[in-house]
Number of protein chains: 2
Amino acid sequence: MDKTATTPQVLRRANLAAVLEVMRASSAVTGTDLIEATGLTRATVIAVCDDLIRRGWVRELQAPKGPGPQKGRPARYFAFNDAAGCVLGLDVGMATVTVLVADLKGRVLARTSKRFAKEPATAAQRRATITHAVDQALASAGLGHPAVLAAGIGVSTVVDRHGNVAPGHRLAPYFDLGLQTEVWKEYGWPVLLENDANLAALAEHWCGAGAGVDDLVVMLAGERIGTGLIESGRLLHGSSGGAGEVGTLELVDGVGSHDGIARLARRWGTELLASGEPTLIRDLVGPGTTRVSARFVFEAAAAGDAAAADILERIGRRMARIIALLGTFLNPELVVIGGAVASSAAMLLPTITAELPRLSGTPPQVAVSGLGDAIVATGAVRLALDYVEQNALGLTPAQPQQDPRALS
Amino acid sequence: MDKTATTPQVLRRANLAAVLEVMRASSAVTGTDLIEATGLTRATVIAVCDDLIRRGWVRELQAPKGPGPQKGRPARYFAFNDAAGCVLGLDVGMATVTVLVADLKGRVLARTSKRFAKEPATAAQRRATITHAVDQALASAGLGHPAVLAAGIGVSTVVDRHGNVAPGHRLAPYFDLGLQTEVWKEYGWPVLLENDANLAALAEHWCGAGAGVDDLVVMLAGERIGTGLIESGRLLHGSSGGAGEVGTLELVDGVGSHDGIARLARRWGTELLASGEPTLIRDLVGPGTTRVSARFVFEAAAAGDAAAADILERIGRRMARIIALLGTFLNPELVVIGGAVASSAAMLLPTITAELPRLSGTPPQVAVSGLGDAIVATGAVRLALDYVEQNALGLTPAQPQQDPRALS
DNA sequence: GGTCTTTATTTAGTCTCTAAATTTATGCTC
DNA sequence: GAGCATAAATTTAGAGACTAAATAAAGACC
């Protein structure tokens with residue numbers, strides 16, 4: 001069954017991985033640093049480093065430090081070769097696609113966004129737009145297709161823990177595009193699909209308001225409302241990937257804000273739905289609601305409009321309800337609010353924090369995301385990086401074009 | 001930081017663990033079986049087995065098989081030595097304590113239950129009762145204290161993922177007894193505390209209705225109501241252990257069944273609360289409710305009493321509500337109902353399954369536990385076994401008294 | 001008894017690690 | 001500039017653990 005097959009080479013693999021992990025955490029290390037961090041001998045550490053250099057995952061720095069007062073033979077400095085390849089982070093939404101290209105430390109090298117042709121675009125059209133955006137992003141990063149070691153993709157539908165789009169969901173047809181099997185087959189990229197809210201959670205856990213918080217929920221509120229759940233540092237999916245899919249949740253006080261929006265429309269005499277903008281729809285405001293631009297409502301409320309303020313109040317109470325239930329069932333330390341509402345979520349916070357203690361015995365802290373509209377794509381980068389880090393020793397790093405002089 | 005310290009001996013450890021795991025899964029194996037299962041060479045496999053025999057974790061069977069038509073040199077047969085020690089599984093409730101003694105395969109060797117002196121027993125009294133029950137159980141299993149390799153304890157309060165009783169909880173003082181630091185310090189037993197509903201989940205996942213289901217919720221309903229959450233085969237705790245603590249959840253239709261119970265009491269003219277019996281209280285029926293014997297309500301309903309039927313209906317709706325929320329937030333494949341209501345939960349199932357699809361887009365399956373009132377103690381055994389399996393090679397198995405003839 | 005088959009054991013060789021001795025590269029001192 | 005001190009790198013010897021191939025053992029069958 002298990003085929004553990006533990007040969008002596010497995011030892012070396014483990015030590016390669018351990019050293020690589022230390023290197024990823026800091027910018028440059030000496031052999032002595034590695035001895036301390038791993039507990040291995042100097043001889044072993046050096047052998048492992050040379051091995052990693054030969055494999056392309058590590059490079060040796062030539063002019064390592066400032067002119068400090070140093071004694072003894074100068075140390076060799078090693079660093080994780082973050083240019084050994086790159087990863088893609090995609091946010092594929094209903095209307096737009098965003099692509100990030102990042103190096104192996106996660107630094108963004110290029111960013112592209114594209115709008116899909118028409119609202120009901122065919123799968124082929126969507127695939128073409130996505131691939132075009134990827135090509136453009138790679139080109140502007142100065143990288144070729146072979147440099148890509150993995151691609152993470154966030155989609156607005158249910159995805160199970162094996163990365164398969166759940167077939168039953170209403171939105172599944174828009175996102176089950178078979179990118180790995182059809183378009184990108186020739187490149188051989190590992191393609192990792194994940195729900196957008198889950199990726200938002202990965203992003204916040206990595207470099208956002210939830211950094212270092214291992215029991216974390218991120219609430220992605222905009223067109224849809226979804227939550228990404230992290231417990232003990234791990235994403236939760238549930239049996240078919242539906243964990244955190246609170247869009248279907250019927251809450252008592254969410255009904256009937258249609259009046260408010262209609263009044264808003266009469267009062268301001270304007271098109272409520274600016275095409276392509278982040279919108280709020282019924283998941284958030286309540287059933288039976290017209291789509292409305294998020295920016296518009298927040299601006300109206302800021303200008304003192306009573307109907308808009310009422311909508312905000314309603315949204316705040318609805319979110320408080322959901323957060324309270326999350327607190328009861330999952331007991332996260334922190335809930336981060338992201339997505340379209342994040343830019344103005346400060347207006348919602350008072351309502352939410354006022355309601356919470358009444359609704360839950362273990363209310364979590366609430367914070368607002370600072371990652372903006374790249375939150376999902378950033379999480380997709382993290383997902384791809386996780387894959388690369390996990391499978392590094394099984395992958396072949398993309399060797400950069402060698403300097404011919406180095407060969408003489 | 002990490003101190004991976006990967007010496008060649010680590011290899012052997014890994015292979016010891018791999019072989020041991022294979023042996024735990026089946027009753028007796030030959031060298032050839034192990035070669036297939038692990039991918040190691042015969043020479044290595046035999047060396048590992050001899051090593052394990054020397055350490056006491058494995059024993060060699062002398063008369064291995066029935067008289068089958070066998071060719072070639074007869075194989076040696078190895079088996080996991082399930083008598084290399086035992087584990088304790090405790091269910092410490094408000095009124096009673098239950099102790100299971102099990103061998104390393106999980107077979108129950110002895111069982112004891114004791115009632116605590118008075119309802120408001122002091123911590124010292126409770127400790128004494130628990131220790132007495134343990135001693136009695138060990139004695140009736142014919143084992144001494146050194147045979148115990150680990151003790152799992154289920155308690156009716158919040159416990160975080162490190163096994164510490166959360167101090168804030170209302171019931172914490174009854175369960176934060178410091179057994180490992182005070183009473184059992186001399187024995188050096190690893191003591192593993194865990195919430196009772198979580199242990200019920202472990203039990204169902206191990207050998208109950210949820211066997212093989214890796215996304216599972218167990219709802220322990222009786223005096224309190226609590227849920228144990230398993231996602232991808234792992235228990236969820238949340239940041240402070242409060243995950244699944246739904247007792248504080250206020251649901252709209254749970255209020256005001258006091259009338260029903262009062263009517264029941266008038267009608268049947270009996271003491272509703274049989275002392276020490278499993279009871280249903282406000283967590284389940286609703287706030288403002290007298291405690292009432294679970295058995296009594298179910299019997300009355302079965303006899304056609306309308307007020308009792310009304311209570312059951314109410315309980316069913318309340319549980320359906322909770323299960324629906326669990327389905328939405330966690331998307332388990334299955335919810336198992338256990339605890340005091342389990343024995344008659346078949347009467348609740350129709351109400352629950354009728355309500356569920358209306359309340360959740362991803363309704364889980366619902367089943368009733370068959371593990372009876374040992375569900376928590378069984379889970380405690382599983383918890384202790386998990387610990388032993390994880391740390392086997394670091395523990396010293398209890399050597400049984402050697403047969404003197406074997407030494408000649 | 002001889003042969004066949006399967007298992008167990010032995011032997012030689014490889015890989016990886018540690019520990020200790022040795023070499024190397026640099027700064028500092030005289 | 002020669003010599004010394006120092007820390008890093010390398011070399012060497014040795015041990016543990018594995019594989020692969022040869023050899024030995026134990027029973028069944030003729």
> In whole angstroms, how far is the C1' atom of D:dA20 from the CZ atom of B:Arg42?
Replying inline: 14 Å

> Once you round it to whole Å, what is the distance between C1' of D:dA7 and CD1 of A:Ile46?
Replying inline: 12 Å

> Quick one: bend of the helix from C:dG1-D:dC30 to C:dC30-D:dG1 from 5 pairs per end, to 10°?
Replying inline: 20°

>> What is the separation between atom OH on A:Tyr77 and atom P on D:dA7, rounded to the nearest whole Å?
In response: 13 Å

> What one-letter contact string describes nucleotides 10-15 of chain C from 5' to 3', where B marks a base within less than 4.0 Å of any protein heavy atom, S marks contact via sugar-phosphate atoms alone, and - marks no contact?
Replying inline: B----B

> Which is true for B:Thr32 with a 4.0 Å heavy-atom rule: it touches a base, it touches only sugar-phosphate, or it touches nothing?
Replying inline: sugar-phosphate

> Below 4.0 angstrom, N of the basic side chain to O of the carboxylate: do A:Asp50 and A:Arg76 qualify?
Replying inline: yes

> Taking only residues two or more places apart in sequence or in another chain, which ones pass side-chain hydrogen bond (donor to acceptor under 3.5 Å, both in side chains) with B:Asp160?
Replying inline: none

> Are any of the side-chain nitrogens in A:Glu389 or A:Arg382 under 4.0 Å away from the carboxylate oxygens of its partner?
Replying inline: yes

>> Looking at A:Arg161 and B:Glu231, is any side-chain nitrogen of the basic one under 4.0 Å from a carboxylate oxygen of the acidic one?
In response: yes

> What is the ring orientation for B:Trp57 with B:Phe80, classed by angle as parallel under 30°, tilted 30 to 60°, or perpendicular over 60°?
Replying inline: parallel

>> If you only use heavy atoms from C-beta on, which nucleotide in D:dA20, C:dA19, C:dT7 is closest to the side chain of B:Arg73?
In response: C:dT7

>> Rounded to whole Å, please give me the gap between NZ in B:Lys71 and P in C:dT3.
In response: 18 Å

